[in-house]
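Scroll down for the structure; my scribbles are underneath it.
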Amino acid sequence: MRLLDSASIKLHEFIGRGIPKYVILSHTWGQEEVTFQDFQDLEKAKKKRGFQKLEGCCRRAQSDGFKWVWIDTCCIDKSSSAELSEAINSMYQWYQESQICYAYLEDIIPRSTLPLELEPFSRMSDSDLRNSRWFRRGWTLQELIAPPIVEFYDRNWFEMGTKLSLLGTIAGITGIDIRVLENSQRLDSVNVASRMSWASKRKTTRKEDEAYCLMGIFGVNMPLLYGEGHRAFHRLQEEIMKIHDDYTLFAW
């Protein structure tokens, strides 16, 4: 697992049980994201638009007392198919084992211009959250469910609330049972059709990711074969059937 030092903005690799405590970012990809390759020339990377998001996340981590951060854009070498496959198969666990997940909703614009020390929480309405792209993307489903703590931030890194403080609103937006969101009900106790329904209105850029982003939700692992199209979802169904005797799956 590769982590970003929130102070030096340098990447470090950790293997096995030597992984330190870390916080993790959940976001939707935008223009000019900073990739693993960009870290070969940090000065050049700083000129990319996505570097501001990365810096904001690191500042938040430091203020919370955390040295290490995981961010998907730069902590995975996506030029390596083996590393990408390992990361996607491990991602649910990585979010689950994080100390805090920062959900950065870049499309929510702050309603207040007061400095953070005078108004530490962003003013926002339920419709702000409901209309955010973050709630419509496939990958962010597991990023909402897996972590024990999720904090929501607007474009300027003003905190809007947490998964627990916004429980009713989030349940209404996503259709996810409150007991699952507050971790009082095991995810594997929810039938397959219900879990599939949570993802039914979410989109991914690549067709295959409609299946790959659900592997953690169903506790399955499988190799990635980009280019297989709809076959990825069929393979997901086959893997689910191996471990779940639940025929509600065929409703999808």
Side-chain angles (χ1 to χ4, degrees), residues 23-33 49-50 52-57 59-61 63-64 71-73 91-92 95 98 100-185 187 190 193-206 209-210 213-214 216-217 252:
V23 293
I24 201 163
L25 180 67
S26 174
H27 66 119
T28 57
W29 280 49
Q31 296 179 345
E32 298 186 359
E33 295 287 0
R49 182 177 174 180
Q52 294 180 2
K53 183 195 302 184
L54 186 150
E55 272 191 317
C57 183
R59 283 195 299 268
R60 183 70 258 173
S63 69
D64 286 338
I71 302 174
D72 62 342
T73 53
M91 204 167 291
Y92 189 92
Y95 275 89
S98 67
I100 306 173
C101 174
Y102 301 141
Y104 180 63
L105 279 56
E106 191 171 11
D107 54 355
I108 295 186
I109 301 170
R111 293 169 177 259
S112 173
T113 57
L114 288 174
L116 184 59
E117 61 271 16
L118 296 180
E119 187 172 33
F121 292 95
S122 173
R123 294 176 183 172
M124 59 90 197
S125 66
D126 287 358
S127 63
D128 289 331
L129 279 182
R130 189 175 297 278
N131 293 327
S132 175
R133 185 169 175 260
W134 191 88
F135 283 101
R136 300 194 298 272
R137 302 302 294 169
W139 289 104
T140 55
L141 176 60
Q142 67 177 2
E143 295 164 15
L144 170 64
I145 293 174
I149 300 172
V150 181
E151 297 176 349
F152 291 88
Y153 292 90
D154 67 19
R155 179 181 295 179
N156 287 356
W157 287 95
F158 280 72
E159 185 176 341
M160 297 181 288
T162 68
K163 180 164 65 171
L164 289 182
S165 71
L166 298 168
L167 203 56
T169 300
I170 294 171
I173 294 171
T174 62
I176 301 171
D177 192 294
I178 285 177
R179 292 171 297 174
V180 173
L181 292 171
E182 64 185 7
N183 298 319
S184 64
Q185 180 179 2
L187 185 58
V190 181
S194 293
R195 281 182 273 176
M196 283 290 186
S197 71
W198 301 339
S200 62
K201 295 180 181 179
R202 292 172 177 260
K203 303 295 182 184
T204 59
T205 302
R206 302 188 70 163
D209 285 336
E210 292 179 4
C213 73
L214 295 178
I217 297 294
W252 300 91

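Listed here is the closest heavy atom pair of T204 and E210: OG1-CG, 3.2 Å. Taking every heavy atom of both residues into account, W134 and A103 meet most closely at CZ2-CB, 3.9 Å. Closest heavy-atom contact between R133 and D107: N-OD2, 2.7 Å. Considering all non-hydrogen atoms of both residues, D154 and Y104 come closest at O-CE1, 3.1 Å. When all heavy atoms are compared, the tightest approach of E143 to C101 is O-SG, 3.9 Å. Closest heavy-atom contact between L167 and E182: CD2-OE1, 3.6 Å.
By the 4.5 Å heavy-atom criterion applied to side chains, I145 and W198 are counted as neighbours. Side-chain contact between T28 and R136: absent, with no pair of heavy atoms (C-beta onward) separated by less than 4.5 Å.
In this structure, CD1 on I108 lies 14.0 Å from CZ on F158, to the nearest 0.5 angstrom. Here CG of L164 is found 9.0 Å from CG of L181. Values are rounded to the nearest 0.5 Å. With values rounded to the nearest 0.5 angstrom, L129 atom CG is found 5.0 Å from I173 atom CD1.
A side-chain donor from one of S63 and R60 sits under 3.5 Å from a side-chain acceptor of the other. With hydrogens and angles left out, the side-chain atoms of T205 and R137 include a donor and acceptor closer than 3.5 Å.
Aromatic ring pairs are classed by plane angle as parallel below 30°, tilted from 30° to 60° and perpendicular above 60°; the pair W157 and Y102 is perpendicular.
If you run side-chain contact (heavy atoms from CB on, under 4.5 Å) between I100 and each of I24, V150, I149, only I149 comes through.
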In sequence, state the C-alpha distance, the side-chain angles, and the governing distance for I176 and L141, and then conclude on side chain to side chain contact (heavy atoms under 4.5 Å, CB included). CA-CA 10 Å; I176 301 171; L141 176 60; 3.7 Å; yes
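Taking the charged nitrogens against the carboxylate oxygens, K53 and E33 do have a contact shorter than 4.0 Å, which makes a salt bridge.
Heavy-atom contacts from other residues, nucleotides or ligands closer than 6.0 Å to CD of Q52 number 12 or fewer.
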